[in-house]
Visitor: 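My questions all concern the structure below.
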Amino acid sequence: MGADSGPGAPPAVPWRKVLYERQPYPDNYVDRRFLEELQRNIGVHQYRYWAVVREAGLAAQQVSCVAVFSHIMVLHGSRRPGTLHPALGQSWVCTFGTLTASVSTDTVYAMSSMMLLAHLVSFPYTQPAPQAVLSLPQRCLALCVLASRLPGALHTFAMLSCALLVFALWPCLLHRLRTGRVELSPGCRPGVHSWVGGLASLWPGGALLLLLALLVLTLACPMLLVHLQRHKDNIHGPVG
Amino acid sequence: MKSRRRRGDKQAAASCQPDAHPPAPHSPASLLPSGTARRSSQKKHSICMVSDFFYPNMGGVESHIYQLSQCLLERGHKVVIATHAYGDRRGVRYLTNGLKVYYLPLQVMYNQSTATSCFHSLPLLRCVFVREHITVVHAHSSFSAMAHDALFHAKTMGLNTVFTDHSLFGFADLSSVLTNKLLTVTLCDTNHIVCVSYTSKENTVLRAALNPDIVSVIPNAVDPTDFTPDPGSRDDSKITIVVVSRLVYRKGIDLLGGIIPELCAKHPDLCFLIGGEGPKRIVLEEVREKYQLHDRVRLLGALDHKDVRDVLVQGHIFLNTSLTEAFCMAIVEGACCGLQVVSTRVGGIPEVLPDELVTLCEPTVSSLCAGLESVISRQRSGSVPPPAAIHHQVQNLYTWRNIAERTEKVYDQACQQPVLTLPARLQRLRSHCGAVAGSIFSFMAVINFLFLLFLQWLHPVHLMDAAIDASGPDSCWRKSFKKGKSKDPHPD
């Protein structure tokens with residue numbers, strides 16, 4: 001029947017959701033069962049605040065790592081140039097030291113901060129492993145660029161070993177911690193974060209900023225996520 | 001959007017007359033309309049069907065437009081079709097019974113869909129609408145950019161609009177989100193929408209945030225004379241499963257690749273006959289290679305529409321593995337040829353055939369195998385009805401004449417509704433489509449309106465030649481056809 005059928009007695013047959021039968025209803029009839037099969041928010045993970053905070057701790061940890069690295073860098077950079085230690089005069093350290101010497105200081109700092117930021121974004125937080133594809137080369141590059149601003153080969157070498165510790169070996173340890181092979185986690189995180197205190201002695205403003213960033217990251221962002229969960233409206237509709 | 005609605009008693013009561021007359025055998029006299037249809041058929045419409053998809057492209061939308069247009073012509077309406085140019089096929093062509101087709105020079109962008117800028121097609125489409133005295137613009141398929149454009153321009157020009165959605169769409173991925181937004185914008189001020197199944201209606205109502213009362217469900221149809229059974233052409237010494245579909249992901253070809261080895265191992269007399277072409281052909285070829293089934297799995301490649309029936313009648317069982325489907329024409333065609341149909345229970349498929357004609361399974365390999373096993377054992381025991389009986393049962397389920405009659409009522413209803421004026425339209429866009437998209441498209445509607453004013457100044461309507469009607473009440477097709485010469489003084 002068409003959309004504008006004439007008046008008459010109400011149809012006795014109940015409406016069925018079939019097309020093969022001519023039913024005494026207009027084509028634009030809307031039954032009570034319309035959209036009955038619509039399902040919403042199937043299999044949506046309900047986050048709990050403190051669980052999210054725990055997970056966010058990992059991101060905060062990585063931010064702290066970068067802060068540690070930057071701090072060491074600044075400390076090194078402020079020292080007087082020392083003499084070249086013969087035992088440590090490896091050629092590759094020298095190469096690092098002069099590779100980007102001709103690039104202006106502003107560019108070097110801008111580039112390295114961009115790279116460290118990229119490292120933070122692309123760090124594999126769900127599965128911290130040394131095989132990180134993207135984040136590892138990024139902080140290596142940051143290191144290369146920064147190496148030329150160091151006063152000497154000794155500093156460059158120290159910086160390199162420190163960076164290896166912070167960026168290459170730390171994720172390995174983290175991986176072990178998360179897989180449960182080493183149980184250190186509760187004590188270790190405040191340990192990393194306590195660098196804020198160390199930084200405060202050097203640059204109080206920076207320490208305050210870092211503290212704020214860490215607080216926002218660990219407390220405010222999870223709160224926002226949990227709050228936004230309420231607005232989640234995922235349709236599993238009649239698509240088939 | 002209200003998710004559940006119930007029509008008022010008055011409206012429900014208005015619909016009680018059963019559609020008693022049997023679906024049409026093939027003579028116009030048998031099309032005698034019921035009382036309501038007679039009243040409505042007094043008004044003849046000038047309809048312009050717009051879609052990117054039309055002959056020579058082949059598919060469900062194309063045949064829908066063609067068959068529907070033919071049946072509307074038969075009912076005395078004037079129908080013209082506007083599509084984009086296909087290669088050498090440009091300008092105006094006439095098809096059977098004076099069905100006029102405009103192949104407009106619009107640039108094809110992707111998958112036979114034209115590029116859209118919202119404006120550049122206005123001069124051409126205005127020309128068509130004005131010269132043909134169009135009263136209703138009927139756009140087809142949400143994949144067609146030209147259909148969206150035409151609706152946009154038609155509303156600017158104050159014409160009544162109808163849209164038919166032929167496909168289901170998801171909600172989650174990026175392309176769906178964008179297409180659904182575009183659909184919301186297009187449909188928020190369209191007079192009436194047609195969907196091909198109830199599931200498709202639910203899908204469209206959700207996607208475009210529509211009032212379900214302005215959405216009608218009118219299924220597709222098949223021409224039963226094209227799909228007649230022929231038990232003689234099949235080999236009864238073995239059991240043949242036929243699959244006719246494009247070999248693409250949506251049609252569940254990966255499922256088919258899982259079914260073939262499992263069933264072939266169990267039943268040594270089982271054959272597969274697969275018609276169609278597509279990127280997933282490689283999956284089937286790999287299966288055939290791996291299990292050494294070259295003599296039992298035949299891949300026929302792309303089929304012409306006229307060859308489909310000859311392939312279908314060679315089989316005992318028709319298998320459809322689609323993962324999503326608004327209305328599955330293929331299973332109706334298969335059943336019409338008298339085959340046992342096994343299909344996945346997805347989208348609108350459960351609505352299409354009665355339970356005794358189709359075996360529905362979940363879209364998994366194990367469920368489909370179980371369904372096929374049961375049909376195979378029934379086939380072996382001979383407890384299936386003969387093909388002629390199935391054909392007889394299916395042939396009257398979906399006919400184009402019935403579809404055309406129902407579509408005519410949609411036109412009648414659409415024409416009773418007012419076309420929104422520009423301020424009302426802007427308000428509707430802003431209130432329905434969100435602040436950002438609503439404002440953008442309001443702006444475009446205003447620009448489109450100014451562009452239309454400019455065109456009206458450049459080519460005033462009273463200076464434009466009216467096209468001679470090839471169809472409709474004032475058709476001169478038949479007499480000029482009989483005289484054997486063209487009377488069209490406007491060779492476009």
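In what follows, chains are A, B, ... by sequence order, proteins preceding strands, each numbered from 1.
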Visitor: Answer whether the closest heavy-atom distance between the side chains of B/S343 and B/S322 falls below 4.5 Å.
Guide: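 No, every pair of side-chain atoms sits at 4.5 Å or beyond.
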
Visitor: Between A/K17 and B/E202, does at least one N-O distance fall below 4.0 Å, as a salt bridge requires?
Guide: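 A salt bridge links A/K17 with B/E202.
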
Visitor: Counting only non-hydrogen atoms closer than 4.5 Å, does B/V217 touch chain A with its backbone (N, CA, C, O), its side chain (CB onward), both, or neither?
Guide: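 Interface part for B/V217: both.
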
Visitor: Select one option (side chain, backbone, both, neither) describing which atoms of B/I218 are under 4.5 Å from chain A's heavy atoms.
Guide: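 For B/I218, the contact with chain A is made by the side chain alone.
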
Visitor: Evaluate the side-chain proximity of B/C71 to B/I403: yes if any heavy-atom separation is below 4.5 Å, no if none is.
Guide: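 No. Closest side-chain heavy atoms not under 4.5 Å.
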
Visitor: Heavy-atom distance under 4.5 Å to chain A: side chain of B/V196, backbone, both or neither?
Guide: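 For B/V196, the contact with chain A is made by the backbone alone.
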
Visitor: Should B/E325 and B/K251 count as side-chain neighbours, where that means a heavy-atom distance under 4.5 Å?
Guide: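 Yes - at least one pair of side-chain heavy atoms lies under 4.5 Å apart.
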
